[in-house]
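One structure is given below, encoded as structure tokens.
Per chain, numbering begins at 1; letters A, B, ... match sequence-line order. Small disclaimer: the values here were computed from a predicted structure and weren't measured.
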Amino acid sequence: MSHEGYDHTAVEERWQAAWAEADAYRTPDEVDDPTYVLGMYPYPSGKLHMGHVRNYTITDAYARYRRMRGDDVLHPMGWDAFGLPAENAAKERDTNPRDWTFDCIDTMRGQMRSMGFGYDWDREITTCVPEYYEWNQWLFSRFADADLVERRDAEVNWCPSCETVLADEQVEGDAELCWRCDTPVETRDLDQWFLKITEYADELLEAIDDLEGWPNSVRQMQRNWIGRQYGTTLDFAIEEHGSVEAFTTRVDTIFGATFFALAPDHPISEELAEADDAVRRFIEEEADPDGDEPNGVETGLTATNPVTGEEIPVFVADFVLSDVGTGALMAVPGHDERDHAFAEKMGVDIEPVVAPEPDDWDGEAVPDAPDVGDEPFTDDGVLVNSGAYSGLDSDTARERLTEDIESAAESTQYQLRDWGISRQRYWGTPIPVVHCDDCGPVLVPDEDLPVELPEFINTTGNPLDAAEEWKETTCPECGAQATRETDTMDTFVDSSWYFLRYVSPDLADAPFDLDRANDWMPVDQYVGGIEHAVMHLLYSRFFTKVLADEEGLEHREPFTNLLAQGMVQLDGEKMSKSKGNTVSPQRIVEEYGADTARLFMMQAAQPERDFDWSEEGVKSTHRFLARLSDLVEEYAAGDVETAGSDAVEPGDAADASDSSPDRETIDEYVAAETDAAVAIAGDEYDDLTFNVALREAQDLVGTLRSYREHAEPHPEIYERSLDVAVRLLAPVAPHLAEELWETLGRDGLVVDADWPAATADRETVERRRRLVANTREDVRDIVDVAGIDDPERIDVVVAPGWKYDALELALDSDADNLISELMQESHIRERGDAAADYGQDLQANREALRETLAGDDEFDALRAAAWLIEREFDAPVRVERAADADESVVRKAEPGRPAIDIAE
RNA sequence: GCGGGGGUGGCUGAGCCUGGCCAAAAGCGGCGGACUUAAGAUCCGCUCCUGUAGAGGUUCGAGGGUUCGAAUCCCUUCCCCCGCACCA
């Protein structure tokens, strides 16, 4: 037989063609509620990388598994095709973003096909075509109808050289340089379009609790991001400037507020800067919000504490951020780390007003004030030095103070900001707005959508600004001359609802077919990188909720189960182009085949864990597939001697008098292991723990190889087991599985085959395997320790029935004296000393006793596995019942542990 | 700092939820053997220490604890990774 492996290129191309021919992955519109399996669609950057391969292998394997289980499956793919890299690439190559993007898509689609990913390509979507992005515009209008769109001034990163806005991620280093041209980035105030995601902050936060199919890490990251905090707003009067609102979560510490601080860009700070040089100098030169050190400048003003009436100094301080709370805070150095540090530096008073709650506190007494000179006390406790509020616990004090202070009100703050979607770029969805001198910004009417992108103009700034002809239009309201909005949308808008478009990708009069979406959504299993934990996943949840409220979608969450897949690393480091430590999927496919790449990745680790790419591992996987291929080909070619037709059927156990392990017991062993593999692999595929499922499949193949080597396999059992092994591997190695399925003479495609049926109780399987493994190990130990070079015969003797009975009794019994209880059973008592000895063993190990297989089951299991021992030691093995064996040997046998006697 | 996830034998990596069958799967690497003219592939073993009949000892980051019994449960501590963060 050949050990060259198989011709993976030929096999893979052949079955890719066959699948296409058979339309194997098509999900018809008529199906009721398919299992929706989705991988995050890629940005078409040019080529697939290993991260993509892993991501899409996971979804593909799961989709194939569900299909074999009989589900209708929806498994689509598309392209996140808008984005700045296309503009840059177009400039570099002197082409345009559209052509470049479609080239990339063609390449990547081809690579996906060569990986054997089974997508319904009839549902392919591409976000950069007007047929898609017109619905971004339409949705923008619906959001506007629902009062969820706002245009306002915002501060953005601006590169003066590229003349465009940069995302935060595109500003590099502490020096804040443009990622493209290393120009220092400036901030600019621009009119920006926002989607009011904060309107949904509470629901987005609270519904996280019910996302039980999501990893905790992602759930927690979203909670942090939304950052809801309950507290109190209240006014401090600043002389000459009136009242200023501050937000605090610790109004219970207000008696210890010894100064007041304003953000450098707070309106009052800016006002002060005009008159006060020191303040101006601080704001312009010293303030360093990114530094560790809190800096500030005294304004000479005072603020009035609304409770105590005390006048406290007002500072402008750089640790106060204008976008947190109200940009102004009451500072309590006795009970806040940062305020403490600042007070020490500026020489402000530090007063303790909360004491730790004493262990034996009666709920009323006022404890001694703690020493907060060196360290603040930041926990809740009992109020001290707080007038009438002294002696209250922090919680109660917060409630009362919020009630009692006239300007105070309970207030909830969020870290989540509204979503600024304006981008001053070409390659995105034009925001469907026209600016009219008289009417202001006006939405483009639905019937005029889509607003299509004009031809790309290679220019330094925003090409849309340069598209004079395109820009000029008329106002939809008054008909006057007007100009188009030149901002395009953040590409996260595209991806916030693309999973709905797959339901009806060609629909011309709505973004998605509502009835079908109601049936098909939510996505049952979503798989993607952790880098999207917040942005994409939060925006998608937001869109889904808005669509539920405004458009009749009957689902409020888009993704039931989420898997954040781990990274593919090389030598413990993330693969990246800049480090040059990438492994090209294309090379792997050429060298070893797609099935090898897929199988290697899936068996290397749990899908959510990082793992190291290993060329050795790939080779090993490749050899495994070659061995499997050989095994099946050789059988199909009739090169395997199989037992004749007079062979005993499985389950038709050999008669008990025949105690040597015969061929038919081997058949039983193989049949049982096959059932076990099916049951376990199925459970594990369900849980997406492909690594464990595949281990079963690989072990089964190993067993079958031994079977063929050691015995003349029973034709039906052998063929069924080969058939099962092929099907267990089909979700992950689909091409070779098809090839071997055909070789075995099966009808149809394995992709359409049923998952094999088998009943096996996992616990029993594990006990059986454990018994066999332990027994083999014991034989090895004995042979080794006793220095037996060439065993002549090995006897394995199962314990007598009464010991199983005694064990059973011991397990059930709660009597103090087990022995007397056992001796009440005449069939045990009559064993005399042996019974007493065993009884004592049981008594001594009372707590550690474990249920074993029944005696007959142990006998059968050992007989079935005897061939493994024979093969290993090249000696005949007799598996005997106690009654048939020598008493001196039997004595050592216990349930779960047969006696072993080796003759030299 | 807060939150999340980890630390297992030469390496990778299961096991931990649901304690005993765990000196701890599997793969890789290493060693020995079979096959081969040889290499490769394949197959059979070994791979913490001691041991002439299945035993004993010491191990799962460290230290305590619970338990008849801990890689597994609890507490403390150290280290690594990820996310958030002068967040009022």
Side-chain angles (χ1 to χ4, degrees), chain A residues 1-5 215-225 227 229 231 246-250 253 261 263 288-295 317-321 323-332 336-339 341-342 378 413-415 530-531 533-534 567 572 600 603-606 608-612 614-617 619-621 623-624 626-627 630 689 691-692 694-695 698-699 702 705-706 709 766-767 769-771 773-775 777-788 844-852 871-874 892 896-902:
Chain A
M1 114 185 66
S2 105
H3 293 291
E4 302 297 307
N216 282 332
S217 55
V218 175
R219 296 208 276 174
Q220 196 57 40
M221 282 160 78
Q222 293 213 348
R223 288 191 191 103
N224 290 344
W225 189 261
Q229 267 192 315
F247 173 80
T248 179
T249 55
R250 292 298 304 275
T253 63
D288 175 20
D290 299 321
D292 291 334
E293 185 83 350
N295 302 304
D318 61 4
F319 70 86
V320 184
L321 307 177
D323 60 350
V324 175
T326 61
L329 65 88
M330 67 170 216
V332 185
D336 181 277
E337 301 275 359
R338 189 201 47 230
D339 296 350
F342 188 80
T378 57
Q413 297 281 321
Y414 301 88
Q415 194 175 304
I530 188 74
E531 65 273 21
V534 175
M567 279 187 300
F600 168 66
Q603 53 105 66
Q606 289 175 17
E608 49 275 282
R609 301 268 286 236
D610 296 344
F611 80 97
D612 264 21
S614 142
E615 200 73 18
E616 282 310 319
K619 286 183 180 152
S620 159
T621 303
R623 288 198 299 264
F624 166 78
R627 289 197 298 270
D630 283 348
T689 38
N691 53 332
V692 183
L694 294 167
R695 188 167 76 213
Q698 291 182 302
D699 285 352
R705 287 175 64 81
S706 301
E709 289 298 318
E766 271 156 26
R767 278 195 193 141
R769 286 180 174 176
R770 179 55 52 192
L771 175 72
N774 285 347
T775 305
E777 192 132 330
D778 284 344
V779 174
R780 264 174 229 140
D781 269 1
I782 294 168
V783 167
D784 184 38
V785 174
I788 299 169
N845 297 301
R846 236 8 222 293
E847 310 283 352
L849 298 178
R850 299 287 303 249
E851 212 176 316
T852 65
R871 188 192 53 172
E872 185 173 335
F873 296 96
D874 199 23
K892 283 186 279 184
R897 192 158 191 267
I900 296 165
D901 188 59
I902 302 174

Taking OP1 and OP2 of A26(B), is either one under 4.0 Å from a side-chain nitrogen or oxygen of R769(A)? no

Give none if C68(B) has no partner; otherwise give the nucleotide forming a Watson-Crick or G-U wobble pair with it, both distances under 3.5 Å. G20(B)

Hey, does the side-chain of D778(A) have a donor or acceptor N/O within less than 3.5 Å of a partner on the base of G54(B)? yes

Let me spell it out: for each of I530(A) and P898(A), pick the nucleotide of RNA chain B with the closest heavy atom. Which residue's pick is nearer the 5' end? P898(A)

At less than 4.0 Å, is any side-chain N or O atom of R705(A) found next to OP1 or OP2 of C43(B)? Yes or no. yes

Separation of the C1' atoms in C86(B) and G27(B), to the nearest angstrom: 48 Å

Distance between the C1' atoms of G10(B) and C17(B), in whole angstroms? 30 Å

Round to a whole Å and report the spacing from CG of D630(A) to P of C43(B). 11 Å

Gap between atoms CG and P, on N691(A) and C28(B) respectively (whole Å): 16 Å

Can you tell me how far C1' in C46(B) sits from the matching atom in G40(B), rounded to whole Å? 23 Å

Reading nucleotides 83-88 of chain B from the 5' end, what letters show protein touch, with B for base, S for backbone sugar-phosphate only, - for no heavy atom under 4.0 Å? BS-BBB

Distance col, row E293(A):CD vs F342(A):CZ, nearest 0.5 angstrom, shows 10.0 Å

For V779(A) and for D699(A), find the nucleotide of RNA chain B with the closest heavy atom, then tell me which residue's nucleotide is more 5'. D699(A)

What is the distance, to the nearest angstrom, from the CZ atom on R219(A) to the P atom on G4(B)? 12 Å

Main-chain N/O of N295(A) paired with D318(A) side-chain donor or acceptor, under 3.5 Å: yes

Determine whether a donor-acceptor pair (one donor, one acceptor, N or O, separation below 3.5 Å) exists between the side chain of R695(A) and the base of A25(B). yes

Give me the distance, rounded to whole Å, that separates A24(B) from G9(B) when you measure between the P atoms they each carry. 15 Å

Between L771(A) and P898(A) the two heavy atoms that sit nearest each other are CD1-CD, 4.0 Å

Rounded to the nearest 0.5 angstrom, the CD-OG distance for Q698(A) and S620(A) is 7.5 Å

Any S620(A) side-chain nitrogen or oxygen under 4.0 Å from OP1 or OP2 of C28(B): yes

Where is the tightest heavy-atom contact between V320(A) and A261(A), given as atom of each residue plus distance? CG2-CB, 3.7 Å

If we take the P atom in both C78(B) and U58(B), what is their distance in whole Å? 29 Å

Summarise how protein sits on nucleotides 44-49 of chain B as a single string, 5' to 3': B when a protein heavy atom is under 4.0 Å from the base, S for sugar-phosphate-only contact, - for no contact. SSS---

Please state how far atom CD in E615(A) lies from atom C1' in G29(B), giving the value in whole angstrom units. 16 Å

Measure the spacing between CG of D339(A) and CZ of R250(A) and express it to the nearest 0.5 Å. 11.0 Å

Would you mind reading off the distance between E608(A) atom CD and C82(B) atom P, rounded to a whole angstrom? 18 Å

For residues G325(A) and Q413(A), report the shortest heavy-atom separation together with the two atoms involved. CA-OE1, 3.4 Å

Might you point out which heavy atoms bring F600(A) and S614(A) nearest each other, and give the distance in Å? CZ-N, 3.6 Å

Of U42(B), A53(B), G54(B), the nucleotide closest to the side chain of D901(A) is A53(B)

Would you say R609(A) reaches A14(B)'s phosphate, i.e. side-chain N/O to OP1/OP2 under 4.0 Å? yes

For the atom pair CG (N216(A)) and CE (M221(A)), what is the distance rounded to the nearest 0.5 Å? 12.5 Å

In whole angstrom, give the distance that lies between atom CD1 of I902(A) and atom C1' of U52(B). 13 Å

Shortest non-hydrogen separation from R767(A) to T852(A) and the atoms involved: NH1-O, 4.0 Å

Give me the distance, rounded to whole Å, that separates C60(B) from C73(B) when you measure between the P atoms they each carry. 15 Å

With rounding to the closest Å, how many angstrom separate the P atoms on G54(B) and G69(B)? 26 Å

How about R219(A) and Q222(A): does a side-chain donor come under 3.5 Å of a side-chain acceptor? no

Counting only Watson-Crick or G-U wobble pairs whose two distances fall under 3.5 Å, which nucleotide matches G45(B)? C31(B)

Same-atom distance (P) from A53(B) to G65(B), integer angstrom: 38 Å

What is the distance, to the nearest angstrom, from the CZ atom on R627(A) to the C1' atom on U42(B)? 8 Å

First locate atom CZ of R338(A), then atom OG1 of T378(A), and finally report the distance between them rounded to the nearest 0.5 Å. 11.5 Å

Nearest-Å distance, CD (Q222(A)) to C1' (C82(B))? 16 Å

G3(B) phosphate, OP1 or OP2, under 4.0 Å from R223(A) side-chain N/O: no

For G83(B), which nucleotide in any strand shown is its Watson-Crick or wobble partner with both distances under 3.5 Å? C2(B)

